[in-house]
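A short write-up of the structure that comes next.
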Amino acid sequence: MTSRQTLSHWGTYDIVEGPKGVRLKSNALDPDPNPIGLHQLSPEVARTRVLRPAIRKSWLEQGPGARPDLRGREAFVEVSWDKAAELAGAELDRIRQTYGNKAIFGGSYGWASAGRFHHAQSQVHRFLNTIGGYVAHRDSYSLAAARVVLPHVVAPMAWLMNNHNTWDDLAAHCDLFLTLGGVPLKNAQISQAGVARHRVREGLRQMAGAGVECINVSPLRDNMETGAPVEWLPIRPGSDTAFLLALAHEIRAMGAHDRAFLDRYCTGWEKFEPYLTGRNDGQPKDADWAAPLCGIEAPTIRALARKMAGKRVMINIAWALQRAEHGEQPFWMVVTLAAMLGQIGLPGGGFGVGYGAENLMGSPHAELRGASLPQGINPVKEFIPVARIADMLLTPGAPFTYDGETYSYPDIRLVYWAGGNPYHHHQDLNRLERAWQKPDTIIVHEQAWTATARRADIVLPVSMAHEREDLGYATMEGVVMHTHKAAEPPGLAESDYAIFTRIARVMGVEEKFTENRSEAEWIESLYGRMRKMWAREGVDLPDYAAFREAGVIDLQPHDPPEQRVMLSAFRADPEGAPLETPSGRIEIFSDAIHAMGLPDCFGHPTWLPPGEWAGEAAPDQFHLISDQPARKLHSQLDASPHSLAGKIHGREPAHLNDRDAARLGLAYGDLVEIHNARGRCLASAVPDAGVAPNVLRLSTGAWFDPCPETGLERHGNPNVLTQDRPASQLSQGCAAHSCLVRIVKATQASAPAPFTPPELA
């Protein structure tokens, strides 16, 4: 029996070949292995796969633009690779010659493959740049509001993610770990480009073992598990900024704010303070004001403020909080509150913007960059904020603002998608259904018959990560590996690179796209570039032949773990190591944002109640929390046995407070219909004392499965309910968590069938 490795976003797995065939097992380097990826070879996943190139019947027979209303409801015709490449190449040529490359949207948002070469977004962007460019997107659904606001306030989000205080530092120096939205272990199961060592569970246990006091301010109790007691303050969704303002007000009222730190390291305190105290609007942002907004009693808020004033405090905020209307505000306010305590840049103190959101936050390893496939230069300057795809398709030419500038939506005629599933991550899917009918042609590379594939015109079957070789490395994971092929791709599935090579050949640009390199030659070239980059950082990698032979290189001996403290260099020398903000300091008040004159994002952190926000919700209204799932990455591997085991009667579980469930007459497993003006979906009820009152938790990831006759979503996809509107005019980020729904007990419904392939002619 021999073993090799494959890498995925949810972990590293050994490929074990034995008498019963090939199976995957967790790699020995991982102290907390994740079971999600163990099921990639399962028959249940295999049954969902796209096996051959397929063309939507009306599009094939009548040409581009034919019957877009039948997308998702029509049979496909399987064709040869030559025919598929010919059709795709001809349509790309027609669009760019008739309308220009600004009519092509290279969507490709998603987690795609963990490999450095077989990374679908890099592949599709390289290909589209080879043929003249495309309309791109900016930011991410997970982080758009934070990514736009934080560079104005303190630092770019990518830099902050890679420079969090390490878990060892927190265990050694932190007294109080206060987190808004928890540190969800289910989210930390994954990291972009792959995980070698899952470290968050151990990091939390280290803190608990060292006696760090942990307080979780969240609508959900179970998103903070340390192995020791955690104080839970159930907060009303959308009210976190009010809660943080109240803590700040009480700390200032006690005189516990660090004026020396605010004066030397920050700018704008003198403009924010009158708002905090109510001097400029007559409303002090104190605990009495915040209590009815956030559902946490005023004495509790005051007691917490007193506790914070005498301890070394780390304030963490989950990414979920910025996926809401005015999602910039709680992130800005977390930095402001940490600045008031004066502990930014000190061991054990400061702020975190996503401990637990991915595995990498808190990593002790050096930030060594990996090589990536060159994408070329995109001559098309039009773009959209990532969550505005439906707006783009429905309202071409309409203006939008982004980070202080005004742009307009392009007129898209062709969507090319590889490495993602908008019918998982976008909001208000019924609106997206209408928008999806706008383009003449939709081309997708897909491994499985997802809702996106079923709504495409040309579907090209692509291999999965474990069906190809690659170079595996994720920044700050501390491991480099040559990933091996565990199985042959099914049917006629090929890599993205092979597919684009076929189409490039049809379009006469094969040599420009491939540079006459095979997949193996590209992988070797990327490793060689990375080897040179790291040599300059004092890390010596073996030559490529030795690397392939070794399979896995553990960098830990060359990169000994260290206790990192975020912004320590800035604290030690703010003039010599200034921030990248306009002032070089932490901007509690941003002149740049103030000058934009936006109606929904002012010059300092502000309480702005979301438009869809009930405050004191009606008894039959619930705040919907559509968080990340525990048994899959987004919607990937939803058909696997591991994911299916978490469903109830084939549907996603809907958790609600046990008292709310009793009031509504709901028991475990009862079929419920969740609805609002945007849509309806079915789920299975789960009474849960760990969910705040008037809150409903329906995690994302269920494959979209609307009933053809009624439109009722049968599987439990919450994005038929979430609203498709921007967090603000600053970021245009998604606002999924600002969502109200009602729940009724359902009596009967047709069974979900999300994994059934479409009819194939």
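The analysis underlying the following values was restricted to heavy atoms, covering all of them including side chains, and did not include hydrogens, waters or symmetry mates.
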Below 3.5 Å, can you tabulate the donor-acceptor pairs from side chains in residues 383-397 to any protein atom, sequence neighbours excluded?
{"residue": "Arg388", "atom": "NE", "partner": "Asp391", "partner atom": "OD2", "Å": "2.9"}
{"residue": "Arg388", "atom": "NH1", "partner": "Gln732", "partner atom": "O", "Å": "3.1"}
{"residue": "Arg388", "atom": "NH2", "partner": "Asp724", "partner atom": "OD1", "Å": "2.7"}
{"residue": "Asp391", "atom": "OD1", "partner": "Arg431", "partner atom": "NH1", "Å": "2.8"}
{"residue": "Asp391", "atom": "OD1", "partner": "Arg431", "partner atom": "NH2", "Å": "2.7"}
{"residue": "Thr395", "atom": "OG1", "partner": "Asp391", "partner atom": "O", "Å": "2.5"}

Check: Could Arg742 and Phe622 be counted as a cation-pi pair, given that NZ or CZ must be under 6.0 Å from the ring centre and within 45° of the axis?
Finding: no

Item checked: Cation-pi geometry met for Arg47 and Phe755 (6.0 Å, 45°) -> no

In terms of side-chain geometry, is the basic nitrogen of [X] or [Y] positioned less than 4.0 Å from the acidic oxygen of its partner?
X: Asp411; Y: Lys438; result: yes
X: Arg67; Y: Glu74; result: no
X: Lys186; Y: Asp627; result: yes
X: Asp440; Y: Arg94; result: yes
X: Glu433; Y: Arg455; result: yes
X: Asp470; Y: Arg116; result: no
X: Glu652; Y: Lys632; result: yes

Check: What are the two closest non-hydrogen atoms of Ser738 and Pro610, and how far apart are they?
Finding: OG-CB, 3.9 Å

Note to self: Donor-acceptor pair, distance only, cut-off 3.5 Å: does the side chain of Gln427 make one with the backbone of Gln723?
What the structure shows: no

Next item on the list: Could you label the plane-to-plane angle of the Trp436 and Tyr423 rings as parallel, tilted or perpendicular, counting under 30° as parallel and over 60° as perpendicular?
Entry: perpendicular

Next item on the list: Fit a plane to each ring of His125 and Tyr134, take the angle between them on a 0 to 90° scale, and name the class: parallel (under 30°), tilted (30 to 60°) or perpendicular (over 60°).
Entry: parallel

Margin query: I'd like to know if the side chain of Thr722 pairs up with that of Asn719 as donor and acceptor (distance under 3.5 Å, no hydrogens or angles considered).
Written below: yes

Notebook entry, point to check: Side chains of Ser108 and Gln121: donor-acceptor distance under 3.5 Å anywhere?
Noted result: no

Notebook entry, point to check: Are Asp403 and Arg147 close enough, and set up right, to give a salt bridge (Lys or Arg N to Asp or Glu O under 4.0 Å), and what steps lead you there?
Noted result: CA-CA 10 Å; Asp403 202 12; Arg147 282 190 185 278; over 6 Å; no

Next item on the list: Please step through side chain to side chain donor-acceptor pair (under 3.5 Å) for the pair Glu328 and Ser731, ending with a clear verdict.
Entry: CA-CA 8 Å; Glu328 299 86 1; Ser731 69; 2.6 Å; yes

Notebook entry, point to check: Knowing that exactly one of Ile131, Leu460, Val509 qualifies, which makes a side chain to side chain contact (heavy atoms under 4.5 Å, CB included) with Ile503?
Noted result: Leu460

